[in-house]
Amino acid sequence: MPDKISPARRSANMSRIRSKNTRPEMVVRRLLHRLGYRFRLHARELPGKPDVVFRRRRKAIQVHGCFWHRHAGCRDCSVPRSRQEYWLPKFAATVARDERTLTELRAIGWDVLIVWDCETGDLADLEKRLVGFLGAPAQDGLVQGS
Ligand SMILES: [Zn+2]
């Protein structure tokens, strides 16, 4: 598979591995906040510590970097040409962990929306997806800390 991303971009991608408060996550959080949703972050008591949690709605949002979490078909989902013996197992482990997290969350009645890094550029489109997933934000004002 061709190696399509630049070294600078790769190092930016790598620096985001499994870290909290990543750029795309902040985009999502800022938008949710502006829309009037109330949410919690990185809920430790839930499988996979979802990035954004709407407890009362039993809904969670995971914001995934396309490189590490292997966004299928995405231009940012290339495989480095060198050291594939290093990368491929790492990718496989990340994807397996993501699938396990999804399965576990759904098993205890949670809905999960995956937002990919490359989907955070178009805010109008992102807003539509978030509202479609969560429902209208207005009712959030009635319950504190949901
Ligand atoms: Zn992507």
Side-chain angles (χ1 to χ4, degrees), residues 1-135 137 140 143 145-146:
M1 189 179 281
D3 200 1
K4 280 182 289 193
I5 62 178
S6 69
R9 173 144 206 156
R10 157 119 358 93
S11 91
N13 283 337
M14 287 177 187
S15 70
R16 292 202 293 263
I17 183 171
R18 301 184 64 189
S19 56
K20 294 174 183 176
N21 310 318
T22 60
R23 186 204 59 81
E25 192 183 319
M26 295 307 292
V27 169
V28 171
R29 279 158 53 176
R30 266 195 296 270
L31 180 54
L32 287 167
H33 190 256
R34 186 158 58 73
L35 292 170
Y37 292 102
R38 291 170 186 276
F39 49 88
R40 296 191 33 187
L41 303 174
H42 311 124
R44 286 172 193 284
E45 73 280 13
L46 291 174
K49 286 182 254 171
D51 294 323
V52 185
V53 171
F54 305 82
R55 194 173 298 283
R56 194 167 45 79
R57 299 166 194 259
R58 282 184 97 75
K59 293 187 180 194
I61 296 174
Q62 293 279 45
V63 184
H64 281 344
C66 301
F67 179 74
W68 281 106
H69 294 268
R70 310 317 289 163
H71 187 194
C74 176
R75 69 187 166 83
D76 291 332
C77 179
S78 63
V79 175
R81 254 180 299 209
S82 60
R83 299 187 65 215
Q84 295 204 346
E85 75 285 0
Y86 168 80
W87 293 110
L88 296 179
K90 268 202 177 311
F91 291 152
T94 301
V95 169
R97 191 178 59 238
D98 289 344
E99 283 174 2
R100 199 166 54 237
T101 293
L102 263 186
T103 302
E104 289 173 5
L105 283 169
R106 286 174 176 155
I108 57 172
W110 284 71
D111 283 335
V112 184
L113 176 71
I114 306 290
V115 175
W116 295 95
D117 187 350
C118 67
E119 296 169 338
T120 59
D122 182 340
L123 287 185
D125 192 60
L126 182 60
E127 176 176 332
K128 248 180 268 171
R129 283 187 67 207
L130 294 174
V131 173
F133 174 68
L134 294 166
D140 280 36
V143 177
S146 58

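All values below were derived from every heavy atom in this structure, side-chain atoms included, with hydrogens, water molecules and symmetry-related copies excluded. These figures come from a predicted structure and were not determined experimentally.
- E119 approaches I114 most closely through the heavy-atom pair OE1-O, 4.0 Å.
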*Could you check T120 against V115 for side chain to side chain contact (heavy atoms under 4.5 Å, CB included), going step by step and ending with a plain yes or no?*
CA-CA 8 Å; T120 59; V115 175; 3.8 Å; yes

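- Checking L113, I61, L134 one by one against V52, the side-chain contact (heavy atoms from CB on, under 4.5 Å) holds for a single residue, I61.
- The closest donor-acceptor contact from the side chain of R70 to the backbone of C77 lies under 3.5 Å.
- The main-chain N or O of C118 is never found under 3.5 Å from a side-chain atom of R75 such that the two would form a donor-acceptor pair.
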*Assess whether side chain to side chain contact (heavy atoms under 4.5 Å, CB included) is satisfied between V95 and E99, documenting all intermediate values.*
CA-CA 6 Å; V95 169; E99 283 174 2; 3.7 Å; yes

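- Using the six-membered ring where Trp is involved, W68 and W87 have ring planes that are tilted, between 30° and 60° apart.
- Proximity of a side-chain donor or acceptor of K59 to a complementary backbone N or O of F133 within less than 3.5 Å is detected.
- The two atoms that bring F39 and R29 nearest to each other are CZ-O, 3.7 Å, heavy atoms only.
- Panel note: side chain R44, backbone K49; no donor-acceptor pair is recorded below 3.5 Å.
- Residue R97 holds its CZ atom at 6.5 Å from NE2 of H69, rounded to the nearest 0.5 Å.
- Counting heavy atoms from C-beta outward, L31 and L126 have side chains that approach closer than 4.5 Å.
- For the pair E85 and K90, the salt-bridge criterion is not met [side-chain N within less than 4.0 Å of a carboxylate O].
- Under the 30°/60° scheme for interplanar angles, the aromatic rings of W116 and H71 are found to lie parallel.
- Between P80 and F67 the shortest heavy-atom distance is CG-CZ, 3.9 Å.
- Heavy atoms only, all atoms of each residue included: T101 and Q62 are closest at CG2-NE2, 3.8 Å.
- For the pair E104/I108, no side-chain contact is recorded, criterion being any heavy-atom separation below 4.5 Å from C-beta on.
- Separation of atoms CD (E25) and CZ (R23) is listed at 11.5 Å; rounding is to 0.5 Å.
- Looking at every heavy atom in both residues, A43 comes nearest to V53 through CB-CG2, 3.6 Å.
- In terms of modelled atom types and a separation under 3.5 Å, the side chain of D51 and the main chain of V63 share a donor-acceptor contact.
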*How far apart are the C-alpha atoms of V79 and Q84, what are their side-chain angles, what is the distance that settles it, and do they pass the side chain to side chain contact (heavy atoms under 4.5 Å, CB included) test?*
CA-CA 8 Å; V79 175; Q84 295 204 346; 3.6 Å; yes

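- When all heavy atoms of P50 and L46 are compared, the pair lying nearest together is CD-CB, 3.6 Å.
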